[in-house]
2 protein chains.
Amino acid sequence: MNTSKKKRLEANGWKVGSSAEFLNLTAEEAAYVEFKVALSKALLHLRKSRKLTQVDLALRINSSQSRVAKMEAADASVSLDLMLRSLFALGASRNKVAELLKAS
Amino acid sequence: MNTSKKKRLEANGWKVGSSAEFLNLTAEEAAYVEFKVALSKALLHLRKSRKLTQVDLALRINSSQSRVAKMEAADASVSLDLMLRSLFALGASRNKVAELLKAS
DNA sequence: ATTAACTATATCACTTTTGACATGGAAGTC
DNA sequence: GACTTCCATGTCAAAAGTGATATAGTTAAT
């Protein structure tokens, strides 16, 4: 990973280790981040397809517009739990979610 | 839902509402729980197939044996984040996880 | 150029999740 | 029985995630 990418990740709150520890974490950490990004895209698309605003969705899940925005930005401060709960709140089935998660 | 099931869920820390609020939450909450259970089963099977003990896995993910046990029990106190991170730590790919999540 | 509607980003008190630890139970070995 | 290995469950201080709020940026319409 180059320095600028590392900087970018760190700037968004992602912990980026180094050396051996870094190498150990990379594969699973990368998978985690990719997974989160896939969820964020799915969320955005599903929300749009439902013709809802971020505020609409926030109300449905008892959250706030800012949190929805962060979910869709795959921000490090949001959990996969919240993102998945949101997808389910938008009516996505478990199978649908599984489908959405497949690598593009 | 009958009373005994409700009691069981509550005893394990699941919040079970009632009346209208209860009805609203059911579908997505059910999807969430089913999702978590699917992950817990996948975790158990993957760990076993790798011939690892709960302690082994705990060490790999910088967690503890008790947390792993709770993950495999789909305990309410564990996040999907931790469970997914664990799956990735066991070498599961995003596609593999998507596959595992399909309803049986 | 204003206004209105929607989204992005930052901060913070409060809540939930966490690893660690303790302990008990189950299944096997000697 | 005593010992070992593995898993289940409870508790708790510390860490991470949360909704709320504020505010700024964007897009479109009049």
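Numbers restart at 1 for each chain; the letters A, B, ... are given by sequence-line order, proteins then strands.
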For a quick test of reading the model: is some side-chain N or O of [X] closer than 4.0 Å to OP1 or OP2 of [N]?
{"X": "Arg47(A)", "N": "dT7(C)", "answer": "yes"}
{"X": "Ser79(A)", "N": "dT18(D)", "answer": "yes"}
{"X": "Ser77(B)", "N": "dT16(C)", "answer": "no"}

Side chain of [X] only, please: which of [options] is the nearest?
{"X": "Lys70(A)", "options": "dT11(C), dT9(D), dT18(D)", "value": "dT11(C)"}
{"X": "Glu72(A)", "options": "dA8(C), dT18(C), dT9(D)", "value": "dA8(C)"}
{"X": "Arg67(A)", "options": "dG19(D), dG10(D), dA8(D)", "value": "dG19(D)"}
{"X": "Ser64(A)", "options": "dC7(D), dG19(C), dA20(D)", "value": "dA20(D)"}

Checklist entry - What residues in residues 48-57 of chain A put a non-hydrogen atom under 4.0 Å from any atom of DNA chain C? => result Lys48(A), Thr53(A), Gln54(A)

Next on the checklist: I need the CE-P distance between Met71(B) and dC6(D), as an integer number of Å.
Outcome noted: 17 Å

Checklist entry - Which is true for Val68(A) with a 4.0 Å heavy-atom rule: it touches a base, it touches only sugar-phosphate, or it touches nothing? => result nothing

Next on the checklist: For dC7(D), does the base pair up with any side-chain atom of Ser66(B) as donor and acceptor (N or O, under 3.5 Å, distance only)?
Outcome noted: no

Checklist entry - Could you walk me through whether Asn95(A) and Ser93(A) pass the side-chain hydrogen bond (donor to acceptor under 3.5 Å, both in side chains) check? => result CA-CA 5 Å; Asn95(A) 279 333; Ser93(A) 68; 5.4 Å; no

Checklist entry - Side chain of Lys36(A), backbone of Val78(A): donor and acceptor closer than 3.5 Å? => result yes

Tabulate protein N/O versus nucleotide N/O from nucleotides 27-30 of chain C, keeping only pairs under 3.5 Å, one per line.
none

